[in-house]
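The structure appears right after this line, and notes come after that.
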Amino acid sequence: MLAAIFAPIEACGQVTEGAGFSDTLNRAAYPLGGLVAAGRLTGEEAEHALTQAASDARPGQERRAAQIIRSGLTAGRQHHLHTRRGSDDLPWQRLIRK
């Protein structure tokens with residue numbers, strides 16, 4: 001699941017400016033905010049993973065990325081994402097915690 005969320009951010013790193021990075025990062029932050037609201041991920045884990053992906057894709061734009069990440073996570077927290085229960089350590093959680 002997280003690979004699908006982070007792939008568009010990584011793709012922005014392969015193209016020049018103006019590739020919709022802000023929108024892409026916001027779209028990645030939103031579902032992670034939902035996972036935070038559902039208690040499946042901590043806010044720190046989500047923010048760290050998004051910050052790392054954004055920094056890798058657009059080095060030197062950390063301040064701008066931080067604003068976008070905060071906004072997307074905040075909006076996503078308003079809508080819980082429902083995940084299947086039954087595992088305390090889902091595969092996407094292992095990816096985030098690396």
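- Across all non-hydrogen atoms, the minimal contact from Pro31 to Ala28 is CD-O, 3.3 Å.
- A 4.5 Å side-chain heavy-atom check between Glu45 and His48 finds every atom pair outside the cut-off.
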* Asked: Does the pair Gln61 and Ser55 meet the rule for a side chain to side chain contact (heavy atoms under 4.5 Å, CB included), with working shown?
  -> CA-CA 7 Å; Gln61 296 187 22; Ser55 179; over 6 Å; no
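- Side-chain atoms of Thr51 come within 3.5 Å of backbone atoms of Glu47 as a donor-acceptor pair (strictly under, hydrogens ignored).
- Leu35 and Tyr30 sit in two unconnected hydrophobic clusters of ILVMFWY residues. Membership requires side-chain heavy atoms under 4.5 Å apart, directly or through other members.
- Judged as a salt bridge (Lys or Arg N to Asp or Glu O under 4.0 Å), and not counting sequence neighbours, Arg70 has no contacts.
- Test Leu50, Leu73, Ile68 against Asn26 for side-chain contact (heavy atoms from CB on, under 4.5 Å) and you get one pass: Ile68.
- Counting heavy atoms of neighbouring residues, nucleotides and ligands inside a 6.0 Å radius, atom CZ of Arg27 does not exceed 12 of them.
- One distance of note links CZ of Arg40 with CG of Leu32; it measures 13.5 Å at 0.5 Å rounding.
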